[in-house]
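Hydrogens, waters and symmetry mates are skipped; everything else that's a heavy atom, side chains included, is used. Chain A is the first sequence line, chain B the second, and so forth, proteins listed ahead of strands; every chain is numbered from 1.
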Number of protein chains: 2
Amino acid sequence: MIKRTKGVTISQVADAAGVARSSVSRAFTRPDMLSPETVERIMRAAETLGYVPNHTARALSTGRHGNIGLIVPDIANPFFPPLIQAAQTEADRSDFCIFLGNTAENPKQEDKLVGRFAGQVEGLVLASSRLSDERIRAHATQLPLVLINRDIEGIPRVLIDSSAGVRQAVDHLADLGHRKIAYVSGPSASWSNKQRRAAIRAGASARGMELSIIPTPAPTYQAGREAVDAVLGTGASAVVAFDDLTAQGILTGLAERHIVVPRDFSIIGCDDVLGAVTFPALTSVSNHSADVGRIAISMLLDILRSRNVADVRYALDTKLVVRDTTTQAPSIG
Amino acid sequence: MIKRTKGVTISQVADAAGVARSSVSRAFTRPDMLSPETVERIMRAAETLGYVPNHTARALSTGRHGNIGLIVPDIANPFFPPLIQAAQTEADRSDFCIFLGNTAENPKQEDKLVGRFAGQVEGLVLASSRLSDERIRAHATQLPLVLINRDIEGIPRVLIDSSAGVRQAVDHLADLGHRKIAYVSGPSASWSNKQRRAAIRAGASARGMELSIIPTPAPTYQAGREAVDAVLGTGASAVVAFDDLTAQGILTGLAERHIVVPRDFSIIGCDDVLGAVTFPALTSVSNHSADVGRIAISMLLDILRSRNVADVRYALDTKLVVRDTTTQAPSIG
DNA sequence: GATTTCCATGCAACCGGTTGCATGTCAAGT
DNA sequence: ACTTGACATGCAACCGGTTGCATGGAAATC
């Protein structure tokens with residue numbers, strides 16, 4: 001059985017060191033204001049008593065808790081972990097701590113989480129938010145906000161601009177002789193999905209290809225697997241998926257039907273988070289999920305430091321990474 | 001440009017409603033102490049002013065912040081997301097909020113994170129901690145702690161007991177005629193790894209099989225892929241991997257060498273988190289990662305409510321889930 | 001040696017709530 | 001009519017820090 005030690009307060013340290021509470025406080029926050037000997041004495045006393053500054057009390061009087069919140073729709077989606085890692089590392093450099101929230105793709109939960117975090121963080125990063133523009137704007141009046149993959153004017157945001165990469169994907173397929181392709185789409189509330197769909201539409205029409213759009217309920221492996229029949233029904237010889245997870249599902253669905261990739265069918269993912277994990281290795285549109293996390297945090301920290309919100313829109317470019325799931329269209333193979 | 005509204009305090013509401021600050025406080029926390037009309041009036045005032053209780057201030061005076069921390073070694077490992085989800089859901093039921101920390105398998109980072117969280121959460125769940133027993137014990141004196149997959153006496157813990165499942169896996173392979181098998185192991189600091197290794201050793205020796213142990217630096221896809229040569233070098237016809245991620249890597253490594261699973265080689269994972277995602281679908285030892293998350297949180301909440309720490313050791317059973325990556329040994333096929 | 005300057009430290013108010021106790025009011029009890 | 005009690009509300013201390021201002025002594029200046 002382990003017994004808990006109750007908190008040592010600044011007063012106890014002050015008594016032990018024979019100084020005022022304010023001096024103890026200063027020893028920790030502005031030691032330059034005190035004589036070295038005093039600091040030394042206070043520190044020694046603090047050490048022996050096992051004093052640790054109370055974060056909550058400090059936050060109350062300074063208004064700064066040194067925390068920032070990061071809210072994502074689905075931790076399980078491989079797009080997010082690298083983003084989260086990078087965010088954490090970046091925050092760390094400035095001694096900020098990340099509080100992570102997971103909304104399970106549920107706007108209600110997201111709203112609740114934002115409210116809950118609002119009181120304990122200095123700022124918030126919303127990644128791929130599924131909230132309405134109005135709700136996001138409302139939250140932005142409460143505390144500094146940075147958005148990832150969501151384009152709302154007036155709110156600082158960092159976006160992965162898939163247009164270029166998706167366009168390359170379409171061109172790649174066109175060059176390989178594919179005439180009919182399909183796009184297995186993502187969540188309708190997703191900015192990325194709208195953007196990718198638009199890019200693929202434009203590309204297909206520019207190259208004179210026939211394009212079918214297959215909807216899915218959510219960007220998951222299962223959804224991809226279940227979309228395969230619909231995809232095959234379109235007569236397409238190649239497919240672009242909203243993300244790698246969906247693409248992976250499609251890969252399995254095809255294998256289950258004994259359709260060999262890439263010989264019989266070509267497939268391209270987006271986000272390039274699983275490229276090296278699938279077999280065959282997935283051709284995919286790169287993203288910079290780690291960069292995005294890092295940049296969003298650094299943007300938020302800048303805002304916190306300067307205390308004013310510029311209307312920044314930071315867009316990252318993408319490109320196609322060709323691996324082993326694309327090859328010439330079967331008909332001309 | 002969005003402008004921020006600054007906080008409305010309890011005093012402002014009190015003035016507006018013509019009552020004392022304490023009454024406002026009670027209107028929110030113990031409305032039964034006040035007359036319904038007063039509560040009504042206060043609420044109306046609070047509403048129009050847009051008052052929101054300050055979480056930090058409340059936490060300071062009550063000592064309760066309604067947060068609990070959850071620290072995991074690697075969010076990217078598919079074992080954790082379901083656990084995290086379940087933990088979040090369970091915490092939610094009691095109106096607690098989860099702060100998630102990721103240590104990137106780094107004990108230093110874990111130590112730092114614990115210290116950082118300690119001040120802002122009422123209790124902490126450490127999942128698959130890579131810290132030493134001593135460090136964990138030290139932290140346990142600071143705040144209520146619950147461990148997942150770490151067996152330290154005196155600290156409440158919930159464990160996935162893989163012994164039974166791993167034993168079934170070994171028996172399964174033995175029944176299929178495999179005589180030489182390999183175990184691709186996990187992190188040396190991992191309790192789960194020690195436990196699985198012991199179970200497989202016992203099983204192999206009981207069934208008179210030859211067993212080789214292949215070490216890996218971390219439980220990742222890449223590590224699995226790179227372990228393949230070593231595995232093949234042992235002459236084994238089947239392998240059990242520390243976890244599904246590693247198994248997935250091995251699966252790819254084998255495919256790259258044109259070894260067909262399960263015809264030429266059988267493979268079993270652990271944790272059963274990727275079973276349905278790989279192709280062929282992976283035979284794996286089940287776990288209850290969601291249950292574990294839920295139970296750990298509920299245990300912690302009990303401790304917080306009762307204010308005393310019982311020495312609970314909660315072990316969950318496992319079993320083998322047979323899918324498509326295991327079949328009879330080639331020699332007797 | 002007297003005056004000014006500076007530096008180290010203490011005092012006390014403050015951050016925004018919560019809560020034990022005191023007070024005042026009104027109705028019930030005798 | 002007088003006590004008793006229940007109930008609604010206010011007062012003020014407290015949670016554990018931070019910080020502007022005051023103070024006192026030593027060093028620097030003339």
Can you find an N or O donor on one side and an acceptor on the other, under 3.5 Å apart, linking the side chain of A/Arg21 with the base of C/dG10?
no
In whole angstroms, the gap separating P of D/dT18 from CD1 of A/Ile42 amounts to 12 Å
Handout entry: Ion pair B/Arg93/B/Glu90, N-O distance below 4.0 Å
Key = yes
note: A/Leu60, atom CG; D/dG16, atom C1'; distance rounded to Å ~ 9 Å
Closest to the side chain of B/Ser22, out of C/dA13, C/dG16, D/dG10, is D/dG10
Worksheet item: Taking the side chain as C-beta and beyond, is there a heavy-atom pair between A/Thr89 and A/Arg294 under 4.5 Å?
Response: no
Side-chain contact check for A/Arg26: nearest option of D/dG10, C/dC11, C/dT19 is C/dC11
> Counting just side-chain N and O atoms, does B/Ser35 come under 4.0 Å of either OP1 or OP2 of D/dT9?
Replying inline: yes
Winner on side-chain proximity to B/Ser61, out of C/dT19, D/dC15, D/dG17, is D/dC15
Can you find a donor-acceptor pair, distance only, under 3.5 Å between B/Arg58 side chain and C/dG16 base?
no
To the nearest angstrom, the CE-C1' distance between A/Met33 and C/dC7 comes to 9 Å
Could you tell me whether B/Asp32 and B/Arg26 make a salt bridge, using a distance below 4.0 angstrom between a side-chain N and a carboxylate O? no
Rounded to whole Å, CG of A/Asp32 lies from C1' of C/dT9 at a distance of 14 Å
- Hey, is the side chain of A/Thr38 poking within less than 4.0 Å of OP1 or OP2 on C/dT9, counting only N and O atoms? yes
